[in-house]
A.B. asks: 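Right, I'll just put the structure down here and ask away after.
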2 protein chains.
Amino acid sequence: MRSAEFNKEHVLRQAMVTFMQYGYNKTSMQTLTKATGLHPGSIYCAFKNKKGLLLGAIEQYQQDRNAQFETLFSQHTTAHSALSALLDVIVDECLNGESGQVCLLTKTLTELEGQNDEISSVLANNLISFENSLAKVIQDGIKRQEISAKPDAKERAQFLAMGIYGIRTYAATRRQAEILRQLSDRLLATVLT
Amino acid sequence: MRSAEFNKEHVLRQAMVTFMQYGYNKTSMQTLTKATGLHPGSIYCAFKNKKGLLLGAIEQYQQDRNAQFETLFSQHTTAHSALSALLDVIVDECLNGESGQVCLLTKTLTELEGQNDEISSVLANNLISFENSLAKVIQDGIKRQEISAKPDAKERAQFLAMGIYGIRTYAATRRQAEILRQLSDRLLATVLT
DNA sequence: TTTAAGCTTGAACAATCATTCAAGAAAATC
DNA sequence: GATTTTCTTGAATGATTGTTCAAGCTTAAA
């Protein structure tokens, strides 16, 4: 009877950052031991294997993101200002985040799609849940008669999600503040019109 | 004096498909020898190394894509029908293409961004050149007074490119014809309004 | 203080990785 | 037909991969 010495959340966040930076396949266990400070045995004991560590990191990412966005949304009273603030965060991450260190979900899904169905479906589910939380914000705006009920919240949220994924890939080709802001402005206008 | 036995274009297309399916880091040289039919020595003689083979595959991909899209665009007289046809092709690829086997450029850029600056910049340049060819089609539409001159062709093309990247990532989460068609319709309407 | 449970450590494992290279084979030149 | 040039072949390289495991250590219960 002895409790683990390491902080699981902390370890998962370190792994998360490492997976985001190098991608799943390029991240070696050696890299992960250095990043987390854990020895191989401890990692395999706590997370079973490399895939288990990724799944843990994905879960932690989702938790952190949900908390971040819920806080953000709670600070705004209209769908417009809430989503505008969200896009500001995303554009800012694209501009100021370390190169290659984008959203763990989209990055890993792009890499592993068609290779690992288990991880892919976990990632897809998490992204759909993100889309659903966008739909909720939009639905609130519709209820408040801030925007029209047609197209419905679901359809608007799908387009917004698509746009966010697109902005991130676009930023990989051109990291220019002016362009990314223009894209996000136009995206928001389209979604809320 | 003896000419190579293999067809370079053919080999590059095989490599291209393999890289698309597994991603750069998960594609081993062993896999590539099987896919191309070439022995290691021949690959290293013709392309220097694995990275060189990827660069060759990217070039081939770009060539094939340019030819495909130029043919497609030449069959249409309005920007609307040309871009609509393009989006049909892309949506069709998302729906009927093998899972994970999306655009080599965006997939590889997402995987290698921040890891390999040489490959990343080649990919970014190719994607920007794709965006420029979109701008050209749009500019033609403006000249023909099919669409208004403001926002300009460049800005519209940027938004369209972003949308295309977004649709592909979105398709990785949900491969549903109805949704993807709705997204592409809405994207086209936004770009041409 | 002894015992027992379980975490930590890090060396070792087989497998796979990208790459090399010397020998064999084929075509072009003489 | 001989020679030379270049391509092909595939075994071998050392490095790195993900994973295991037995020994050592720490803590909580007895």
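Below, chains carry the letters A, B, ... as their sequence lines are ordered, and counting in each starts from 1.
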A.B. asks: What is the distance, rounded to the nearest whole Å, between atom NZ of A:Lys8 and atom P of C:dC7?
C.D. replies: 11 Å
A.B. asks: Let me know the distance between NZ of A:Lys50 and C1' of D:dT20, rounded to the nearest Å.
C.D. replies: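 In whole Å, D:dT20 C1' and A:Lys50 NZ are 17 Å from each other.
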A.B. asks: Would B:Glu111 and A:Lys26 satisfy salt bridge (charged side-chain N to carboxylate O under 4.0 Å, His left out), going step by step from the backbone distance to the final call?
C.D. replies: CA-CA 9 Å; B:Glu111 184 182 356; A:Lys26 188 66 182 175; over 6 Å; no
A.B. asks: Looking at residues at least two apart in the chain, or sitting in another chain, which of them share a side-chain contact (heavy atoms from CB on, under 4.5 Å) with B:Ala85?
C.D. replies: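 Scan of B:Ala85 (side-chain contact (heavy atoms from CB on, under 4.5 Å), adjacent residues dropped) gives B:Leu72, B:His76.
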A.B. asks: What is the distance from CG of B:Asn49 to C1' of C:dC21, rounded to the nearest Å?
C.D. replies: 16 Å
A.B. asks: Can you see whether B:Gln68 engages B:Arg65 through a side-chain donor-acceptor pair at a distance of less than 3.5 angstrom?
C.D. replies: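 Yes, B:Arg65 and B:Gln68 have a side-chain donor paired with an acceptor closer than 3.5 Å.
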A.B. asks: Can you measure B:Leu54 atom CG to C:dT19 atom P for me and round it to whole angstrom units?
C.D. replies: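 After rounding, the reported distance stands at 12 Å.
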A.B. asks: Does the side-chain contact (heavy atoms from CB on, under 4.5 Å) test come out yes or no for A:Phe159 and B:Leu183, once each step is laid out?
C.D. replies: CA-CA 6 Å; A:Phe159 194 84; B:Leu183 287 174; 4.0 Å; yes
A.B. asks: B:Arg174: what forms a salt bridge (Lys or Arg N to Asp or Glu O under 4.0 Å) with it, not counting sequence neighbours?
C.D. replies: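 For B:Arg174, the residues satisfying salt bridge (Lys or Arg N to Asp or Glu O under 4.0 Å) (neighbours in sequence not counted) are A:Glu131.
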A.B. asks: Under a 3.5 Å cutoff, is there a donor and acceptor pairing between the side chains of B:Ser84 and B:Ser81?
C.D. replies: no
A.B. asks: Could you list the residues that satisfy salt bridge (Lys or Arg N to Asp or Glu O under 4.0 Å) with B:Glu98, not counting sequence neighbours?
C.D. replies: none
A.B. asks: Determine whether the side chains of B:Thr31 and B:Ser28 contain a donor N or O and an acceptor N or O closer than 3.5 Å.
C.D. replies: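 There is such a pair between these side chains.
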A.B. asks: Let me see the working for A:Gln21 and A:Ser99 under side-chain hydrogen bond (donor to acceptor under 3.5 Å, both in side chains), right down to the final yes or no.
C.D. replies: CA-CA 8 Å; A:Gln21 183 147 27; A:Ser99 176; over 6 Å; no
A.B. asks: Looking at DNA chain C, which of residues 9-23 of chain B put a heavy atom within less than 4.0 Å of it?
C.D. replies: none
A.B. asks: Does anything in residues 37-47 of chain A come within less than 4.0 Å of DNA chain C? Heavy atoms only, and list the residues if so.
C.D. replies: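 Within this stretch, A:His39, A:Pro40, A:Gly41, A:Ser42, A:Cys45 sit under 4.0 Å of the strand.
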A.B. asks: Examine the side chains of B:Gln60 and B:Asp64 and answer whether a donor and an acceptor come within less than 3.5 Å of each other.
C.D. replies: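 Yes.
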A.B. asks: For A:Lys26 and D:dT17, what is the distance between atoms NZ and P respectively, to the nearest whole Å?
C.D. replies: 8 Å
A.B. asks: Please give me every residue in residues 27-36 of chain A whose heavy atoms get under 4.0 Å of an atom in DNA chain D, ordered by residue number.
C.D. replies: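 Under 4.0 Å from DNA chain D: A:Thr27, A:Ser28, A:Met29, A:Gln30.
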A.B. asks: Do the numbers put A:Lys107 on top of the ring of A:Phe19, so that NZ or CZ is under 6.0 Å from the six-membered ring centre and no more than 45° off the axis?
C.D. replies: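 Judged by the rule, A:Lys107 and A:Phe19 form no cation-pi pair.
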